[in-house]
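This report refers to the structure that appears directly beneath it.
As the structure is a computational prediction, the values presented were derived from the model and not from experiment. What you see below is based on every heavy atom in this structure, not just the backbone, and it leaves out hydrogens, waters and symmetry mates. Order of the sequence lines sets the chain letters (A, B, ...), proteins ahead of strands, with each chain counted from 1.
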Amino acid sequence: MSASTTPSLHLRGSRRSILADRAATVVLWGTGAFVLLLLGSIIVHFGIAAWGVVSPSFVLSDPSDTALGGILPILWNSIYMLGLTMLIAVPVGILGGIYMSEYAGDNKLTEAIRFAEEAISSVPSIVVGLFGLILFVDNFHMGFTALGGALALTMFNLPLMTRLSEQALRAVPQDERSASLALGATKWQTIQHVVVPLAIPGLVTSIILTAGRVFGEAAVLLFTAGLATPAHYDFTNFNLGDPASPWSPLRPCTTMAVYIYKLQSEGLGIYVSKVVDGSAAILISMVLAFNLGARLVGRLLTRRLTAA
Amino acid sequence: MVQLTTANRLASLRTAPGLRERLDLPRRVVFLAAVSMIGIVTLLLGFIAWQGIQLFVKDGVPVGQVFSATWQPDATSGPTNYGLLPFILGTIAVTALALLISTPLSVGLALFLSEVAPRWARAIVQPALEIFVGIPSVVWGWLGLTILVPFLHDTFRHDFVISLPVLGDVFRVPGFLTGFSWLAGALVLSIMILPTITSVSFDAFRAIPQELRTGSLALGTTRWQTIRHILIPAALPGVLTAIVLGMTRAAGEALAVQMVIGSQPVLPRAVTQPIETLTAAITLDMGNTVFGEPWQDALWTMSLVLLIISVASVVLVRLINKRRMAL
Amino acid sequence: SSSGSTQSAAPSSATVNCVAGSITTAGSTALQPLIDAAAKQYVAACTGATINVQGGGSGTGLSQIAQGTVQIGASDVLANSKLATPDADKLVDHIVAKQGWIMVTNKDVTGVTNLTTAQATDIWTGKVTNWKGVGGPDLAIVLILRPASSGTRATFKKLVLDGANEATGNTLTEDSNGAVTTAIGTTDGSTSVIGFAYYQDPANAGKLNGLQLDGIDATTANMSNGTYKLSADGHLYTLGQPSGLTAAFLDYMMSPAIQNTLIPAKGYGPVVH
Amino acid sequence: MHATATYPEPVLRRVKVPAPIALLGAAEAPLDESTTKIATEHVSIRYGRFVAVRDVSLQIRERSIMALIGPSGSGKSTFLRCFNRMNDLIPGAKVEGQVCLDGENVTDPDVSVVELRRRVGMVFQRPNPFPMSIYENVAYGPRRRGMNGRRQLDELVETSLKRAALWDEVKDDLRRKSGLALSGGQQQRLCIARVLATEPEVILMDEPASALDPVSTLRIEELMRELRKAYTIVIVTHNMQQAARVSDVTAFFTMAEDRAGYLVEVGPTGRIFTRPTERLTEDYISGRFG
Amino acid sequence: MHATATYPEPVLRRVKVPAPIALLGAAEAPLDESTTKIATEHVSIRYGRFVAVRDVSLQIRERSIMALIGPSGSGKSTFLRCFNRMNDLIPGAKVEGQVCLDGENVTDPDVSVVELRRRVGMVFQRPNPFPMSIYENVAYGPRRRGMNGRRQLDELVETSLKRAALWDEVKDDLRRKSGLALSGGQQQRLCIARVLATEPEVILMDEPASALDPVSTLRIEELMRELRKAYTIVIVTHNMQQAARVSDVTAFFTMAEDRAGYLVEVGPTGRIFTRPTERLTEDYISGRFG
Ligand SMILES: Nc1ncnc2c1ncn2[C@@H]1O[C@H](COP(=O)(O)OP(=O)(O)OP(=O)(O)O)[C@@H](O)[C@H]1O
Ligand SMILES: Nc1ncnc2c1ncn2[C@@H]1O[C@H](COP(=O)(O)OP(=O)(O)OP(=O)(O)O)[C@@H](O)[C@H]1O
Ligand SMILES: [Mg+2]
Ligand SMILES: [Mg+2]
């Protein structure tokens, strides 16, 4: 040590930058902790509120005016609506994302598409709902239907899905594309076997975020898929043309978010607040389950496709 | 192998006609998917634009009137006046405040997740954020109504005043009379847009090659310096996109804001006072008015105005981005 | 008004004119709970009938029925006050119940149990801004309004305020009975008008102070006999004369089973005795 | 050869000296007997307005190794990329003139770049394995051409890895280990194996050995000599010894002011390194060997 | 030197031969008179359970150049990174043993890595310029240390770029051209300039010249000799001639089965290349020079 002509590693250096770094670390940790705490308390809030309400029979029985009814048809509707919407939004969104990230040149059309994506995300959902009401419900004489709701939701979600997919695909390093192309793979093979597999985690995120909006959306669906309390569903009725069949896309389809909205604004009866709390808790667990499931599938797919 | 080589040599480089088609098919498919966006948007925007101008075309309201401050759509209680100024300013005010609160929080969180967080923290926070997105806005509104509004009212009911000895009151914000306020709306919104801004910025930070981080750290810079001078500039386009997405989401959000903002069509003055946004007005009155009456036409005009505001800010941010990239 | 009684009063198919088919009603959220309950009873009695009870607001109900996309449009207000004449003339009005509203205050507003029409007008037009002025505590009045387009507000304005415009100062606007009730519960000195059905719902018992109007209690009986003036007809509109399931269901709404039992139990006033 | 003369002598006396492959290779196949595989005519390549390669015309014989040498920035990589049209991927890059493969002009818009790149493989300066297992990395090209038989693929993967002198190091976790988990040198060898697995006719190598250690480099160089029996190879290298050891013909690019991207001289490797006709070449080579 | 003997002779006779810097350097500063700058004691480095460096103890003298050589995967880069604790950034990497800089143990958790890395600069195998102008790339380090004076920075940037032999090529668009728009070789020289601008005491170089052309390489080697007067340099290289030319001391790592990451031999460069005591070293070196 005595031989050392330079100051000690512990002492020298710009204290200011070190302090700034410490401060930043604390602030960033604080931000993380704050958001986690916020979310934690919201979840705990619903957990406590739903305590004693949520039970298997709550999930598996029909709503009732006179007792603590269940939410089975509404839960089913949410899942159904999610499926129907994602059936359209996921493939079209990812394909659109592929175009934007792999093919789109730097031209007016690209600008226009990007502009369209951003413009539509600024349309309030209630306006999309009314648009759906006028277009699907009135003009197409569809009435209040799951299909109309899903189409309106898709208009709303597709740009988001496309945008997020594009970003996920763009994050794949250029090196990987060059390597594949240089091996004589076609552009499409490169996309299929290198770009998309590598982008799977990002694509899963975009699916999750889009799905989140389907779960949580009320305003669009109020006016397109309906705002009613469905009664009993006969799940053995597979006649898709029958509006009474829970499998039919041509029936009214009140989802969890809409149901919660309805109960909170005009719901009557001593059980309303319990059903609201229980439904909110179920909705949140459903989102959580979906997210975890999607991530798991994504991870399995990544492992299969990249063998990493 | 030699044989294969010979065989290859005979294959002409010209593409067989059928092959060309096949190679191009995917391109057409993805092109169609992307262009469908334009179709949807044209349909929707065309519709809103058409409905939005009915107030002027069909009902004969002068265009200038929408920039006045009086909102009196109800013919039964006096002469009608469709002044949208309070709503326009209200929307801008709430959105701006929400972004002001949410952006540092979200970008900070994105940085935390991508640069600081240990694996376990990331494993908790990331799914947590995605749950945020799935919580319906009614639920957020309800939480705001039952928790945030009373909290603001109980905690900050007195005027906030900064007094100096000679100058007197230099700054005064009236306390919350009710809790229903500009601030309440902005707070609820800022939580709702937090996941959007966070996840998109997070992706932007993740996309930065690791080599830039090691390059900077190896020069004896702190992690914060690396973040501040390398990562943030490199991720800026992505972060701005995130903010735009958050902004448009905030401007378009209806149910939750409307429940806590107080919905008073006045010009925004203090964050503690109720104001009203375009979306709140649309939500409140759309279901109660009938298609084709001037009142509803005015609501469609609000949608159009909202769209114009959002699109204008999208374009503005794009221009800023382009200017930056050119440097 | 135990809700249990509605269950036991559910009619058997013997007393109901059953028609098979599927119809949709849409519109007034104030009437939705009533129509919903009646529809459930009807469907329970008649297999083969499906009745969809949608909300959306009176304006939506009127628009939809005028377009013919639903079979029944529910509205708090008269069709011709909203729709243009040619559209309104095609609609047939079925008045199935009286709806009432009640002025309510936050629990802190003690000592005020009754407002005269004049006092109410002073408060809602902003002449009186403190509860002192009507014999209450020294507390600023916060008015919680309904949206200007809502049936509740229009009716209150017509029946109590005699068309005078509401104050614009110390006011808030909330959209639904649920939101208004919560807002009053958390806001000192606040007052509003909510649907009687909602007020008398057991879930809300004791949360708010309900006020008499001109000394008259808000009861379903007083609404039906007209002594309580803050009440109005609930309209179910059809496009032309109803037929089939629509007609059967409207008849059912007027049957004693509904008028004498379900309607008062749900907090509405019967129109047939 | 001052430095060499001073110290490595003792070692050199004691160890087994491999045959001097450079000249041996050159002798094996006299240049004039084989036909032209690639020919460029007046090729210029621009990035926007910047000219990176200027009016280069040269021929590459079939089954020979051509080395492109020259200072950094002289356009070697850019020129190399025009043989398999990888420049197509760089926005703003524009190729003028003709590049012929077996007499067909590959810059023709009708040409299938996919077919072209299958026939003209490429190894990059920076190793770029896919984030997949080692096996999948090598099997990638063949799979894209429709090869799916497990046995067939296994065999091909093994052969290719053996040729790239990587087999012994990776054979145990072929399917489990990711290509990215290898060291830099191993990664590059994996990339070479990957190209070999697609069985191209021409192999372009952009400083393939700059990340390799001498032992692997030698193996790769030996492999190149081996491949030369069936393939045409074009290599960009900064290692003049490498150029001398492996190539039959050497082309020298310059960066001298206003002549960036200019082909100064091309000729049999032995002559270029011993009797360059141009002053620029001589300076460059002597800088190296001084 | 079979190959060399056969063809470059004529050229060598004609060109100006620079002084044999390798031995000249070693002679300039007798090793024993300077003090130890870096010392490692029983350093082992693991990635998870895989041991990449095994029990390495060595000393590096102040103002000397130490070359680390050895086959690919032998842990040279890993070992190098422990001097400035860059291994901290690799999840799962664990360093055992002591690494002392001026007698202070840098693996101590109390040590400020920021300070350490300012004193121990690093140049990477793959050039990694920042996506900023050339000027900002070089000014980055100094700015972060609080240097803001325009004049001062201008001067420092110019000196650093000149030292890295890049000034002439970039001086015209210093502030407009992005560091990423340079060719590979230029990028690497920019990275060297960037480190020089932070004025470290020790410079670690991980194959800094593997992407450089011979002319620039020579310039950089000259610069290393120049820097040696004030700095301590540790270089990983695959180019044995480079090791021989520039370094005072050479350490040889092996990859032989079960001994991966083992330090076989360390000693004055002249001796290692002429009279290695270990069979492994001899094999490796002769493989290169054969
Ligand atoms: N994408 C690009 N855009 C603009 N200029 C480029 C691009 N790529 C290379 N250049 C420029 O073109 C010239 C030739 O580059 P190239 O990479 O072909 O050189 P090189 O001889 O391979 O150099 P090195 O030996 O350093 O790899 C350089 O001056 C470089 O700056
Ligand atoms: N991040 C990592 N995780 C796991 N193993 C690693 C990692 N980095 C390197 N290794 C392994 O550690 C060993 C030593 O790697 P290192 O990069 O230090 O070798 P090297 O001597 O620098 O090789 P090269 O000359 O190819 O650069 C190799 O076997 C490599 O596979
Ligand atoms: Mg190059
Ligand atoms: Mg290495």
Side-chain angles (χ1 to χ4, degrees), chain B residues 70-78 80 86 138 141-154 157 176-181 184 254-266 273-276 280-296 298-299, chain C residues 26-29 55-67 73 75-77 79 81-84 87-88 140 142-154 157-158 161 163-166 168-176 178-183 185-190:
Chain B
T70 316
W71 171 244
Q72 176 50 269
D74 189 0
T76 60
S77 50
T80 56
V138 214
W142 204 252
L143 288 173
L145 190 60
T146 52
I147 297 171
L148 179 67
V149 167
F151 169 79
L152 290 176
H153 170 56
D154 295 343
R157 70 168 71 203
F176 289 94
L177 184 69
T178 59
F180 293 91
S181 57
L255 293 178
V257 186
Q258 171 260 310
M259 285 167 92
V260 299
I261 202 169
S263 301
Q264 233 189 58
V266 294
Q273 300 300 305
I275 54 173
E276 185 160 6
I282 297 169
T283 315
L284 289 174
D285 291 330
M286 202 55 115
N288 293 321
T289 52
V290 297
F291 192 70
E293 76 172 301
W295 195 336
Q296 194 173 71
L299 298 179
Chain C
S28 162
T29 48
S58 299
T60 309
L62 290 172
S63 297
Q64 295 297 305
I65 189 65
Q67 297 265 342
S75 173
D76 302 342
V77 295
S81 71
K82 290 270 186 190
L83 288 172
D87 278 340
V142 177
L143 297 177
I144 300 185
L145 302 172
R146 302 298 286 269
S149 55
S150 88
T152 301
R153 181 151 158 193
K157 191 170 182 169
K158 192 170 99 190
L161 306 185
N165 278 339
E166 290 92 346
T168 52
N170 216 350
T171 62
L172 304 170
T173 306
E174 287 296 339
D175 191 17
S176 61
V180 167
T181 304
T182 309
T186 59
T187 307
D188 305 342
S190 58

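Heavy atoms of C/Ser150 lying under 4.5 Å from chain B belong to its backbone as well as its side chain. Contacts between B/Gln258 and chain C at a heavy-atom distance below 4.5 Å involve backbone atoms as well as side-chain atoms. Only the side chain of C/Thr187 comes within less than 4.5 Å of a heavy atom of chain B; its backbone N, CA, C and O stay farther away.
Considering only heavy atoms from C-beta on, C/Ser75 stays 4.5 Å or farther from C/Ser28 through its side chain. Contact check for B/Pro86 versus B/Ile275: no side-chain heavy atoms found under the 4.5 Å cut-off.
A donor-acceptor pair under 3.5 Å is formed between the side chain of C/Arg153 and the backbone N or O of C/Arg146. One N or O on the side chain of C/Thr60 and one on the backbone of B/Gly287 form a donor-acceptor pair closer than 3.5 Å.
Residues B/Ala281 and B/Glu276 share a closest heavy-atom pair of CA-OE2, 3.3 Å.
Comparing C/Leu145, C/Leu62, C/Asp188, C/Asp76 by how many heavy-atom pairs each has under 4.5 Å with chain B, the most go to C/Asp188. In terms of heavy-atom pairs under 4.5 Å with chain B, the best-connected choice from C/Gly55, C/Ala154, C/Gly59, C/Ala183 is C/Gly59. Ranked by heavy-atom pairs under 4.5 Å with chain B, the list C/Thr186, C/Thr168, C/Val142, C/Thr171 is led by C/Thr171. Put simply, of B/Met286, B/Gln296, B/Gln273, B/Met259, the one with the most heavy-atom pairs under 4.5 Å next to chain C is B/Met259.
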Exercise. Checking side chain to side chain contact (heavy atoms under 4.5 Å, CB included) for the pair B/Ser263/B/Leu284: CA distance, chi angles, key distance, verdict?
Worked result: CA-CA 9 Å; B/Ser263 301; B/Leu284 289 174; 3.7 Å; yes
